[in-house]
Amino acid sequence: MTQKIILLTASLLGALSVVFGAFGAHALGPMLQASGRLDTYETAVKYQMYHTLALLAVGLLLFRVEQPALQVAAWCFLLGIVVFSGSLYTLCLTGVTWLGAITPIGGLLLIVGWGALFYAVSKAF
């Protein structure tokens with residue numbers, strides 16, 4: 001992924017975090033409360049935003065550091081957001097409970113992304 005793509009993706013995911021958060025709080029609030037999934041939805045939004053910021057940091061680091069592990073971190077953060085937050089959003093909106101089994105794979109990708117970021121920074125400075 002190029003630096004430009006990483007930064008554009010982080011910008012888009014950041015905007016979507018705000019949209020999903022507002023949509024969940026207002027339009028979906030009653031439904032999420034009735035199904036007992038409001039906390040789950042909020043977790044999805046928070047993790048999306050946290051890891052969007054991490055993806056943004058990776059994109060900015062690429063201005064100074066050429067480290068292949070940063071590409072690994074970027075991909076892991078992106079895929080982790082899609083799998084972790086995406087599975088939780090889908091679970092909340094559809095009630096398909098087996099998606100809860102996929103969520104930890106997204107969490108693992110996010111953890112690997114942080115490890116790759118740690119490795120890249122430890123080698124670069």
Side-chain angles (χ1 to χ4, degrees):
M1 224 179 333
T2 67
Q3 181 183 19
K4 180 178 180 178
I5 295 296
I6 292 170
L7 293 171
L8 288 172
T9 301
S11 299
L12 177 62
L13 287 171
L16 287 173
S17 295
V18 176
V19 169
F20 292 164
F23 191 63
H26 301 290
L28 298 176
M31 182 201 68
L32 292 170
Q33 286 180 337
S35 67
R37 301 268 187 218
L38 183 60
D39 288 344
T40 303
Y41 192 89
E42 288 175 351
T43 297
V45 172
K46 283 190 279 190
Y47 272 67
Q48 179 177 339
M49 182 56 87
Y50 297 155
H51 292 90
T52 295
L53 294 173
L55 186 61
L56 180 65
V58 168
L60 294 174
L61 265 173
L62 284 168
F63 278 115
R64 292 203 37 152
V65 176
E66 279 192 45
Q67 182 57 243
L70 288 176
Q71 291 293 325
V72 173
W75 278 108
C76 286
F77 288 142
L78 176 58
L79 294 173
I81 289 167
V82 169
V83 175
F84 184 87
S85 293
S87 66
L88 292 180
Y89 291 137
T90 306
L91 169 69
C92 291
L93 297 174
T94 66
V96 177
T97 57
W98 66 264
L99 287 168
I102 294 173
T103 306
I105 296 168
L108 181 60
L109 285 164
L110 296 172
I111 293 166
V112 171
W114 285 107
L117 179 56
F118 178 89
Y119 178 81
V121 170
S122 72
K123 292 296 181 184
F125 297 101

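In this chain, numbering begins with 1 at the start of the sequence shown.
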Could you point out which residue of L88, V83, T90, L91 forms a side-chain contact (heavy atoms from CB on, under 4.5 Å) with I102?
V83
T43 side, atom OG1; L38 side, atom CG - distance, nearest 0.5 Å:
9.5 Å
Does some side-chain heavy atom of M31 sit less than 4.5 Å from a side-chain heavy atom of L93?
yes
Side chain to side chain donor-acceptor pair (under 3.5 Å) partners of Y47, counting only residues at least two apart
none
My understanding is that only residues two or more places apart in sequence, or in another chain, count here; which of them pass side chain to side chain donor-acceptor pair (under 3.5 Å) with S87?
T103
Side chain to side chain donor-acceptor pair (under 3.5 Å) partners of residues 109-118, not counting sequence neighbours, each pair once
H51-W114
Looking at L109 and C76, what are the two nearest heavy atoms and their distance?
O-CB, 3.2 Å
Report the C-alpha distance between L108 and F84 in whole Å, list the side-chain angles of each, state the deciding distance to 0.1 Å, and finish with yes or no for side-chain contact (heavy atoms from CB on, under 4.5 Å).
CA-CA 9 Å; L108 181 60; F84 184 87; over 6 Å; no
Check: residues 53-71 side-chain donor-acceptor pairs under 3.5 Å, at least two apart:
from, atom 1, to, atom 2, distance (Å)
Q71, OE1, M1, N, 2.9
Q71, NE2, M1, O, 2.8

Please table the atom pairs, donor to acceptor, closer than 3.5 Å between any side-chain atom in residues 17-28 and protein atoms at least two apart or in another chain.
from, atom 1, to, atom 2, distance (Å)
S17, OG, L13, O, 2.9
S17, OG, Q48, NE2, 3.3

Nearest atoms (heavy-atom pairs only) where A44 meets S85
O-OG, 2.8 Å
Taking L8 as the starting point, is it possible to reach F77 by hopping between hydrophobic residues whose side chains are less than 4.5 Å apart?
no
Pair up each side-chain donor or acceptor in residues 116-125 with any protein partner under 3.5 Å, not counting sequence neighbours, and list the distances.
from, atom 1, to, atom 2, distance (Å)
S122, OG, F118, O, 3.4
S122, OG, Y119, O, 2.8

How long is the gap from CE on M49 to CD1 on I81, to the nearest 0.5 Å?
10.0 Å
